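Chain naming here is simple, since letters A, B, ... match the order of the sequence lines and numbering starts at 1 in each. Since the structure is predicted, the reported quantities are computational estimates derived from the model, not experimental observations.
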Protein chains: 2
Amino acid sequence: MAAQPRDGARSRAERAALDLFTSRGFEHVTSDEVADSAGISRRTFFRYFATKADAVWGDFAGHVARLEQLLTATGDAGPVLATVCAAYVEVNDYPDAELPLLRERMQLILAEPALLAHSQLRFAEVDLVVARYVARRTGDTPTALVPRLVAATTRAAATTAFEAWLTDARTPLTQYLHQAFDEMAAGFPGLRR
Amino acid sequence: MAAQPRDGARSRAERAALDLFTSRGFEHVTSDEVADSAGISRRTFFRYFATKADAVWGDFAGHVARLEQLLTATGDAGPVLATVCAAYVEVNDYPDAELPLLRERMQLILAEPALLAHSQLRFAEVDLVVARYVARRTGDTPTALVPRLVAATTRAAATTAFEAWLTDARTPLTQYLHQAFDEMAAGFPGLRR
DNA sequence: ACGGTAATGGCACCCGGTGCCACCGACAAC
DNA sequence: GTTGTCGGTGGCACCGGGTGCCATTACCGT
């Protein structure tokens, strides 16, 4: 049993990382401990994950790919901003069974300083996808102000929705997302005064 | 001559860091090199700056403090969102003489992955200040959705304005900031289609 | 059984960051 | 001037994340 990432070694490492980071804090757990706990060597751990921080992200690349697919699939129908927001909502509409895992991940990512810093690099991938879509719709370059602006602000709104969901999970995540996007798209109507 | 951060050692270190990082890339410069170049020891470098990344931020804490002062000074006059945006514009209205330095800093921070990641931690200080102000105006807690949302999105817009300014400095920074905030506050009117 | 291929793990190394301590220059008291 | 204190300094050893290199191991097709 070699030639493929052996057994469930990779997922064992992800679980071990999540558990250890959650219980003792990201900084107070060494990569050795995670590796040991997953039954692999430190060297192998760093072949699965580019950095210690990457061990908490699961299949984030797939997540981004799904978002991109959603956006390209909609073609040029409907308003641009609403399409982006809808895609965000849909790609984050997790089945109930996955919610605890999602909570654990996001709690770590948004509450642990080192992971929050690292998140910027992963979220930049999302921004790029969104900016490219907006640019395609508006005829701008992806580096023009509006495409970048839409990418940055919608992502900020989505992240904020996650934060709100983490502090109070009685309301479903998608509802927080809708609320955040609606506020933003309407130009924060409650703050006109 | 000791008892104060000796001579201009700290500012020499900042200059050395900026120069070296810009010319050779953040990751390819060791903290030893920066320290040597500033005529101090590595140990002393890390007493001036908590991390290698902090050496590029200048007096960012003062920057945040000025933003906070601006916000508390305005009292409860004028619409909330507009006040936040105006404060952002004003605090980033640098005299011409400082623009080259600002460019160098922001270019590094936004283009070097390690520095971009680190920036999240510094920008979180800004978000906190803004969220507190909005919360005070709306009667919410600073961790409620709307205060956090305003903080996150305005900061995202400001960062985007900086990016645009970096790619084309023919237009002044404040104008990019206005443009970004206006787009956002109006709910991206150009993207309704 | 055999050779190729790929995952693995050990090792040495680099670098960022820290705790500890010895040193030294400034200054005050006497 | 001597003494003592104080604070910035720098050397040193150490830890932990991350990497290059290489030998080993396990699977696979033939």
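Looking at Arg42(B), its side chain has no donor and acceptor atom pair within 3.5 Å of the base of dG11(D). Interface remark: the Arg43(B) side chain does form a donor-acceptor pair with the dG19(C) base, using a distance-only criterion of under 3.5 Å. Between the side chain of Arg47(A) and the base of dG9(C), a donor-acceptor pair under 3.5 Å is found.
The side chain of Tyr48(A) contributes no N or O atom lying less than 4.0 Å from OP1 or OP2 of dA7(C). The side chain of Thr44(A) contributes no N or O atom lying less than 4.0 Å from OP1 or OP2 of dT8(C).
Between Phe45(B) atom CZ and dG10(D) atom P there is a gap of 13 Å when expressed in whole angstrom units. Atoms CG (Leu20(A)) and P (dG16(D)) sit 14 Å apart, rounded to a whole Å. If you measure from atom CG of Asp36(B) to atom P of dT9(D), you get 15 Å, rounded to the nearest angstrom. Atom-to-atom, CD1 of Ile40(A) to P of dG9(C) comes out at 7 Å; the value is rounded to the nearest Å.
The aromatic ring centres of Tyr48(B) and Trp57(B) sit 6.0 Å or more apart.
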Per-pair distances, 0.1 Å, donor-acceptor, side chain in residues 91-98 of chain A, under 3.5 Å, sequence neighbours excluded:
unit_1	atom_1	unit_2	atom_2	d
Asn92(A)	OD1	His63(A)	NE2	3.4
Asn92(A)	ND2	Tyr88(A)	O	2.9
Tyr94(A)	OH	His63(A)	ND1	3.2

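A donor-acceptor contact shorter than 3.5 Å links the side chain of Ser119(B) to the backbone of Leu116(B). No donor-acceptor distance shorter than 3.5 angstrom exists from the side chain of Gln120(B) to the backbone of Gln120(A), with no hydrogens or angles considered.
The Phe46(A) side chain lies nearest to dG18(D) when the options are dG9(C), dG17(C), dG18(D).
Evaluation of the side chain to side chain donor-acceptor pair (under 3.5 Å) rule for Arg137(A) yields Tyr133(A) as partners, not counting sequence neighbours.
Shown for residues 23-34 of chain B: residues whose heavy atoms fall under 4.0 angstrom of DNA chain C, namely Val29(B), Thr30(B), Ser31(B).
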message: Does Glu27(B) form a salt bridge (Lys or Arg N to Asp or Glu O under 4.0 Å) with Lys52(B)? I'd like the steps, not just the answer.
response: CA-CA 10 Å; Glu27(B) 312 255 36; Lys52(B) 189 181 153 192; 5.5 Å; no

